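In what follows, a structure is listed as structure tokens, so that the remarks can point back to it.
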Amino acid sequence: MGGMPIMHNKRAKFALSSIPSRIARYFRARGLRHCLGLFGALLCVILLCMPSGFVTEGPGPTRDVLGTVRADGDGSDVAMIEIHGAKTYRDSGRLLLTTVNSYGIDWPATNAEVLYAWANPHAGVLPREAVIPPGQSSEDYQKTTKKEMSGAQDSASQQALRYLSSQGVDTSNVKVSMHVDKIGGPSAGMMYSLGVIDKLTASDETGGRTIAGTGTMESDGKVGAIGGIRLKMLGARRDGATWFLAPADNCSEVVGHVPAGLRDVKVGTLAEAYKALVAIGQGRGDSLPHCTA
């Protein structure tokens, strides 16, 4: 009984020592061409698994600015746009802000992921330096995008109240606060402005429709261009939108890339965007301008 483990150990050592000779016989039997092909395949696998210098993008989630969002801390739902000091009104439809999902920010995307995104018409590929400036860490980038989102919300509130004031609405005591989860950047400004105006007016602007859009909200009331609009239109259509408000300065990227079932509307200012929203809700959207080449 005491000698059995020694016997087993000798057999194991013999099996291990014979592995190199078995490998050598395997390759001798198949020739140089087979060996080179196997080595090339192994090298390709290694290269595909290595980190790249690119960021891949895809359609991100949408958020209804007239709806609710999960609050931090207690996990309860709160209104995405909260208004104090004035009566608010409900709308039967949805106003969707659109986003882009970026992969390769917190950790590098692999070459395989980049190759897949490059071949996928519903994805995009950008050099990492085009997304994160050289010398900036991913943590700094995340802080910057959150700061941009905060600034976009402030600008959206100011422009919405300014527009309402120009239409004779008393906004002197109105205070607006916004809540957002894990979304950064300034591109939701226009949709936030439309959400504030919608909540403070009695009419049912959407007419029960789902209307998406994108664009920054500038201090002069202009709707500014944004990035990733092709992917944002895909996300809007995926989540049920049939109309998409697009910045006029993005029209060259919109033409030829509007998903089936989605109708784009070109807007250059907040006033144009709101008038387009009302027209769509009243069933007059077909007369609105769309992007042309």
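In what follows, residues are counted from 1 in the order of the sequence shown. What you see is a predicted model; the values in this text were computed from it and never measured. Just so it is clear, the values below take in all heavy atoms, side chains as well, and ignore hydrogens, waters and symmetry mates.
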State, with a plain yes or no, whether a side-chain heavy atom of Leu270 is found less than 4.5 Å away from one of Glu272. no
Verify the cluster assignment for Leu95 and Tyr163: are they in a single hydrophobic cluster under the rule of side-chain heavy atoms below 4.5 Å apart? yes
Side-chain donor-acceptor pair under 3.5 Å between Thr201 and Glu205, yes or no? yes
Using the rule given for side chain to side chain contact (heavy atoms under 4.5 Å, CB included), can you reason through His179 versus Thr68, listing the C-alpha separation, both sets of side-chain angles and the distance that settles it, and then say yes or no? CA-CA 9 Å; His179 305 275; Thr68 60; over 6 Å; no
Hey, does the side chain of Asp91 reach the backbone of Gly208 with a donor-acceptor pair shorter than 3.5 angstrom? no
Do the side chains of Val278 and Ile280 join up, straight or via other hydrophobic residues, at under 4.5 Å, putting them in one cluster? yes
Sidechain-backbone polar pair: Ser193 side chain, Ala156 backbone, donor-acceptor under 3.5 Å: yes
Taking all heavy atoms of Ile226 and all of Gly215, pick out the closest pair and write down the distance. CG2-CA, 3.8 Å
For Ser92, does its backbone N or O pair with a side-chain atom of Asp204 as donor and acceptor, under 3.5 Å? yes
Considering only NZ, NE, NH1 and NH2 on the basic side and carboxylate oxygens on the acidic side, decide whether Arg90 and Asp198 come within less than 4.0 Å. no
I'd like to know whether Thr171 forms a side-chain hydrogen bond (donor to acceptor under 3.5 Å, both in side chains) with Ser165, so could you lay out the CA-CA distance, the side-chain angles of the two residues, the decisive distance to 0.1 Å, and finally the verdict. CA-CA 6 Å; Thr171 61; Ser165 295; 2.8 Å; yes
Between the side chain of Arg238 and the main-chain N/O of Gly60, is any donor-acceptor distance below 3.5 Å? yes
Crowded around Asp220 CG? As in, over 12 foreign heavy atoms under 6.0 Å? yes
For Arg162 and Ser219, indicate whether the former's side chain and the latter's backbone hold a donor-acceptor pair under 3.5 Å. yes
Going by side chain to side chain contact (heavy atoms under 4.5 Å, CB included), Asp264 matches just one of Ile229, Val258, Val255, Leu245. Which one? Val258
Using modelled atom types only, decide if a donor and an acceptor are shared between the side chain of Thr110 and the backbone of Glu113 within a distance under 3.5 Å. yes
Would you indicate whether the side-chain heavy atoms of Ser187 and Lys232 approach each other to under 4.5 Å? yes
Please check: side-chain N/O of Thr98 versus main-chain N/O of Gly213, any donor-acceptor pairing under 3.5 Å? yes
Residues two or more places apart in sequence or in another chain: which of them pass side-chain contact (heavy atoms from CB on, under 4.5 Å) with Pro61? Arg63, Thr99, Asn101
Residues at least two apart in sequence or cross-chain that pass side-chain contact (heavy atoms from CB on, under 4.5 Å) with Tyr89, listed by chain then number, are Lys87, Ala202
Do the side chains of Val65 and Leu194 get nearer than 4.5 Å, heavy atoms only? no
Please answer whether the main-chain N or O of Leu126 pairs with a side-chain N or O of Glu57 as donor and acceptor at a distance below 3.5 Å. no
Is a side-chain N or O of Ser155 found less than 3.5 angstrom from the main chain of Met217, in a donor-acceptor match? yes
Say whether Ile197 and Leu288 are linked into one hydrophobic cluster, either directly or through other cluster members, by side-chain heavy-atom distances under 4.5 angstrom. yes
Please give me the minimum heavy-atom distance between Val196 and Leu161, naming the atom from each residue. CG1-CD2, 4.4 Å
Looking only at heavy atoms, the pair that brings Arg284 and Gln282 closest together is NH2-OE1, 2.7 Å
Can you see which heavy atom on Thr210 is nearest to which on Gly240, and at what distance? CB-O, 3.6 Å
For residues Leu66 and Val176: do they belong to one hydrophobic cluster (side chain heavy atoms under 4.5 Å, members Ile, Leu, Val, Met, Phe, Trp, Tyr)? yes
Test side chain to side chain contact (heavy atoms under 4.5 Å, CB included) applied to Phe244 and Arg237, step by step: CA-CA 9 Å; Phe244 191 92; Arg237 186 69 193 103; over 6 Å; no
Between Thr216 and Lys222: side-chain donor-acceptor atoms closer than 3.5 Å: no
For the pair Arg263 (side chain) and Asp286 (backbone), establish whether a donor and an acceptor sit closer than 3.5 Å, ignoring hydrogens and angles. yes
State, with a plain yes or no, whether a side-chain heavy atom of Val169 is found less than 4.5 Å away from one of Leu200. no
Quick one: are Thr214 and Pro247 in side-chain contact, heavy atoms under 4.5 Å? yes
Please name the pair of heavy atoms, one in Gly124 and one in Ala117, separated by the smallest distance, quoted to 0.1 Å. O-CB, 4.1 Å
Val174 and Ala86: which non-hydrogen atoms are nearest, and at how many Å? CG2-CB, 3.7 Å
Whether over 12 other heavy atoms sit under 6.0 Å from Lys199 NZ: yes
